[in-house]
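One structure is given below, encoded as structure tokens.
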Amino acid sequence: MVEELVNQWIWRQDFWLPPGVTWKDIADGTSDGGRHPVPRDLLICLPLALGFIALRFVFERVVALPLSRWLGVRDRVWVHVTPVPKLEAFYLQKKKQPSQNDLVVLEKHCGLTQRQIQTWLRQRRNQDRPSNTRKFCEASWRFVFYLIAFSAGLISLINTPWFWDHRECWNGYPRQAVAEAQYWYYIMELSFYLSLLLCVSVDIKRKDFKEQIIHHIATIFLIAFSYCANYVRVGTLVMLVHDSSDFLLESAKMFNYAGWRKTCDALFVIFAVVFLVTRLVVFPCRVIYTAVVDSLDVFLPYSGYYFLNGLLLVLQALHIFWAWLILRMVHKFVFLGKVERDERSDEESEVDEDEVGEEECSREQKNGAFNSKLASLANNCVLNNLTNQRRKMNSRTPKAR
């Protein structure tokens, strides 16, 4: 009874499959022993996603942390603030810069000057900034997965006909068997993106946090739908195109956190070229084109057709947004000679120029005071030495006479 309700309301054939195609048609096409897509196959992805989270926890502490120390990752030490309950409550409620009215109210309640309040809030924000070690561990985890996924996907697809001719994605549809390697490629990718979505609240937030959420959700729906509708051939190409540049980006971040500027710049240039070619040329001109145009030779448009292509266009819009950020970084690289920082840098870890300036000024003032003390101490030592020498000379003069 429950299975009938699920099949009636969730796995509706008129939504998931083209007109005239049934789940039985897909199963009959793989009667030779090959695997055929079944929606319930995706239920294994949730426990696998939890397994990825546990594996990431172990990896970051056992592998990534020692690797960060070996590569020379250094964390910036911030000043710890004196606890002020009212300022702490205000900070936890509003982590952004306080307005003038907020400063006036806090000045009355805390008995501090506005300058002291601003300094306290700035130092309190600095305490919450993620360390370079934490960012390195997060980037290294994603680098390892993307590298393995891209390598495995390329090996499983390099000898397939649709890898070279995208029109082969629809040859024999819907009676297309799914190879075991492609099945696990799908399951691992979907499980990994589910784990990223589950960890989004604890991961480092970046400027494109909202775009990342949209990307993860669109990717999860795209992978799940393409598997259920047996668009596996198109789906494998989409995943391979994305994995081809993601591991380069994460590797560039790792060396950036480690302070290897030249290596980071070289990897960034390679990443920019691969990203712009795969996301702005290959993806729209080959993958989206075959899903929108070539598929019409096999079936007429239906609800699932618009759903699939709508998700692909959402991904393409995000690609254009990120390409714009990358081109800004390329412009800085060409005219400044280096990549100063990631345009998608962490919101929590990004240091404001005013804050840095103030810290440098205070540090310079402390250094200046310290140097002046050293200078006065040195002068006193010199004067004392001269005085002692004169006394010795005066004491020796009568004896010489």
Side-chain angles (χ1 to χ4, degrees), residues 45 47-78 126-154 184-185 187-209 212-213 215-216 219 239 242-271 274-275 322 329 339-351:
C45 292
L48 285 178
L50 298 178
F52 269 122
I53 296 175
L55 181 61
R56 171 184 174 178
F57 181 84
V58 175
F59 174 86
E60 290 185 352
R61 284 152 182 79
V62 176
V63 178
L65 187 58
L67 181 62
S68 67
R69 295 170 180 170
W70 183 72
L71 291 177
V73 178
R74 296 182 179 179
D75 296 329
R76 191 167 184 174
V77 180
W78 301 103
N126 290 339
Q127 288 183 195
D128 288 345
R129 300 186 190 279
S131 63
N132 286 336
T133 301
R134 181 188 171 189
K135 292 186 286 185
F136 178 90
C137 293
E138 181 179 310
S140 61
W141 163 249
R142 299 190 183 193
F143 165 76
V144 169
F145 176 83
Y146 289 137
L147 180 61
I148 295 175
F150 174 72
S151 302
L154 184 62
W184 284 110
Y185 186 32
I187 296 299
M188 290 296 106
E189 286 276 353
L190 181 57
S191 302
F192 180 75
Y193 279 103
L194 277 175
S195 69
L196 292 182
L197 191 61
L198 293 175
C199 295
V200 72
S201 60
V202 296
D203 284 343
I204 300 172
K205 292 184 179 180
R206 305 182 184 277
K207 286 184 176 180
D208 61 345
F209 174 75
Q212 283 286 352
I213 295 296
H215 175 269
H216 293 341
T219 302
M239 294 187 296
H242 283 74
D243 293 338
S244 62
S245 59
D246 286 341
F247 75 93
L248 293 172
L249 174 62
E250 301 302 332
S251 62
K253 290 181 182 179
M254 292 169 59
F255 286 105
N256 179 42
Y257 301 142
W260 296 34
R261 291 299 179 186
K262 293 183 179 180
T263 306
C264 172
D265 293 346
L267 288 172
F268 170 75
V269 171
I270 299 174
F271 158 75
V274 174
F275 183 93
W322 285 321
M329 295 179 67
V339 181
E340 289 200 337
R341 64 180 178 86
D342 187 359
E343 291 290 343
R344 298 171 53 248
S345 58
D346 330 310
E347 280 188 343
E348 299 297 332
S349 63
E350 186 178 359
V351 182

Worksheet item: Can you tell me how far CG of Leu198 sits from CG of Leu50, rounded to the nearest 0.5 angstrom?
Response: 6.5 Å
Discussion item. Please evaluate residues Tyr257 and Leu71 with respect to the criterion side chain to side chain contact (heavy atoms under 4.5 Å, CB included), reporting the C-alpha separation (whole Å), side-chain torsions for both, the decisive distance (0.1 Å), and the verdict.
Written reply: CA-CA 9 Å; Tyr257 301 142; Leu71 291 177; over 6 Å; no
Worksheet, complete the sentence: Rounding to 0.5 Å, atoms CH2 (Trp260) and CG (Asp265) come to a distance of 14.0 Å
Discussion item. Could you measure the distance from the CZ atom of Phe52 to the SG atom of Cys199? Nearest 0.5 Å is fine.
Written reply: 11.5 Å
Practice prompt. Determine whether Asp243 and Glu189 make a side-chain contact, defined as any pair of heavy atoms from C-beta on separated by less than 4.5 Å.
Written response: yes
Worksheet item: Which atom names give the shortest non-hydrogen contact between Ser140 and Phe59, and what distance separates them?
Response: OG-CE2, 3.7 Å
Worksheet entry | Side chain proximity check, His242 to His215, heavy atoms < 4.5 angstrom | yes
Fill in: Over all atoms of both residues, closest heavy-atom pair of Met254 and Ala139
CG-CB, 3.9 Å
Worksheet item: Centroid-to-centroid, Phe192 to Tyr146, below 6.0 Å?
Response: yes
Discussion item. Test salt bridge (charged side-chain N to carboxylate O under 4.0 Å, His left out) on Glu138 and Arg142; report intermediate values, then the result.
Written reply: CA-CA 7 Å; Glu138 181 179 310; Arg142 299 190 183 193; 3.7 Å; yes
Discussion item. So Leu67 and Phe136, do their side chains get closer than 4.5 Å, heavy atoms only?
Written reply: yes
Worksheet item: Which value, rounded to the nearest 0.5 Å, describes the distance between Tyr193 atom OH and Leu197 atom CG?
Response: 12.0 Å
Discussion item. Ignoring hydrogens, what is the shortest heavy-atom contact between Phe275 and Ser245? Give both atom names and the distance.
Written reply: CD1-OG, 3.8 Å
Fill in: Check: Phe268 and Leu248 side chains under 4.5 Å, non-hydrogen atoms
no
Practice prompt. Any chance you could measure Phe145, atom CZ, to Leu196, atom CG, to the nearest 0.5 Å?
Written response: 8.0 Å
Practice prompt. Could you tell me whether Arg56 and Asp203 make a salt bridge, using a distance below 4.0 angstrom between a side-chain N and a carboxylate O?
Written response: yes
Discussion item. Both conditions, 6.0 Å and 45 degrees, for the charged tip of Arg61 above the ring of Phe57: are they met here?
Written reply: yes
Worksheet item: Out of curiosity, Phe271 CZ to Cys264 SG, how far, rounded to the nearest 0.5 Å?
Response: 11.0 Å
Discussion item. How close do Leu65 and Cys137 get, counting heavy atoms only, and between which atoms?
Written reply: N-SG, 3.9 Å
Practice prompt. Take Arg261 and Asn256, measure what side chain to side chain contact (heavy atoms under 4.5 Å, CB included) needs, and give me the verdict at the end.
Written response: CA-CA 6 Å; Arg261 291 299 179 186; Asn256 179 42; 2.6 Å; yes
Item to complete: Go through Ile187 and Ser191 one step at a time and tell me if the side chain to side chain contact (heavy atoms under 4.5 Å, CB included) criterion holds.
Response: CA-CA 6 Å; Ile187 296 299; Ser191 302; 4.1 Å; yes
Item to complete: Would you check if Ile148 and Met188 make a side-chain contact, meaning some heavy-atom pair closer than 4.5 Å?
Response: no
